[in-house]
Amino acid sequence: MIVYRTKQDLASHLEALRNQGKSVGFVPTMGALHEGHASLITKARSENDALVVSIFVNPTQFDEPSDLENYPRKMESDLRLLQSMKTDIAFTPSVIEMYPEEDTRTFDLGGLDRVMEGKYRTGHFNGVVQIVSKLFETVRPDRAYFGRKDFQQLVIIQKLVQLMDMDITIVSCPIVREPDGLAMSSRNELLTGEERKTAPLIYITLKIAREKRSTLSPAELKTWVTAQFENQPLMDLEYFEIVNDSDLSPVQSWTGNVGKVGCIAVRLGKVRLIDNMNFD
Ligand code: PAF
């Protein structure tokens, strides 16, 4: 495995590979790798000649300085994992390498960035597309892999690829869960012991809610989910929305041939967790 720190080194290596007709798979990450990332890497490894994984904690997508500061960083063990998973290239740029000057670009994401996460994390998705667009321009992958846990991010990245008119296939990968159902996330390790014990309630609630859609309307289900968190001393529900899986508009009824996804965000102490489930 080769580790590159600069865009130029990475781009020239990839140019040579492309000239040999090799396909490039790309997994962008912010590190603190877990089994969720490993599942993306395994899939990307099996579908491409060359595999690039980036590790970069992107400052422009954090709306709270303390969140950026506390975000887990584990470069050494991450690189060991990437090596063991037969990654060809790890890209670990510095902040100055990715942002030699302030990135003032704003992207018109057609409102996809104004609902759910966008309402609670101002500027978050603009920051995500700033970095992903820079990474895509450098790596120019054939396929890029994103987890469905960040469902809204996945839809926004699909929109970004259209906006940039880039020929990149966005591969959506299933959520990987802990044995008790908690969706894997780098943030899980920031939970206290007590918070970690309560966290699976998010998944359990989504699962029961999905079963209840035979008797409750989407609006009634939203009320039911809200009630489940009312008496939880450790948890604050930020939102539960059932949305159309292509434009993220709220679903009003179960009829109609559109994909429906139940999306949830919960605050557990200082940690914010998101999850989602298909409600088709
Ligand atoms: O999902 C993430 O880890 C990040 O948002 C991403 C896509 C690597 C951009 O920083």
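Counting starts at 1 for both ligands and their atoms, in listed order.
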Electrostatic pair Glu64:Arg121 at N-O distance under 4.0 angstrom:
no
Atom 10 (O) of ligand 1: which protein heavy atom is closest, and how many Å away?
Gln61 OE1, 2.6 Å
Where do Glu189 and His34 land on the side-chain contact (heavy atoms from CB on, under 4.5 Å) test, with the steps shown first?
CA-CA 10 Å; Glu189 63 185 77; His34 50 68; over 6 Å; no
Separation between NZ of Lys22 and CG of Asn48, rounded to the nearest 0.5 Å
12.5 Å
Rounded distance (nearest 0.5 Å) linking atom CD of Gln232 with atom CD of Glu230:
11.0 Å
Which atoms from ligand 1 have a heavy atom of Ile131 less than 4.0 Å away?
9 (C), 10 (O)
heavy-atom search around atom 5 (O) of ligand 1 in the protein gives Gln153 OE1, 2.8 Å
Given that the side chain starts at C-beta and the backbone is N, CA, C, O, which of these parts of Ile157 lies under 4.0 Å from ligand 1, counting heavy atoms, or is it both or neither?
neither
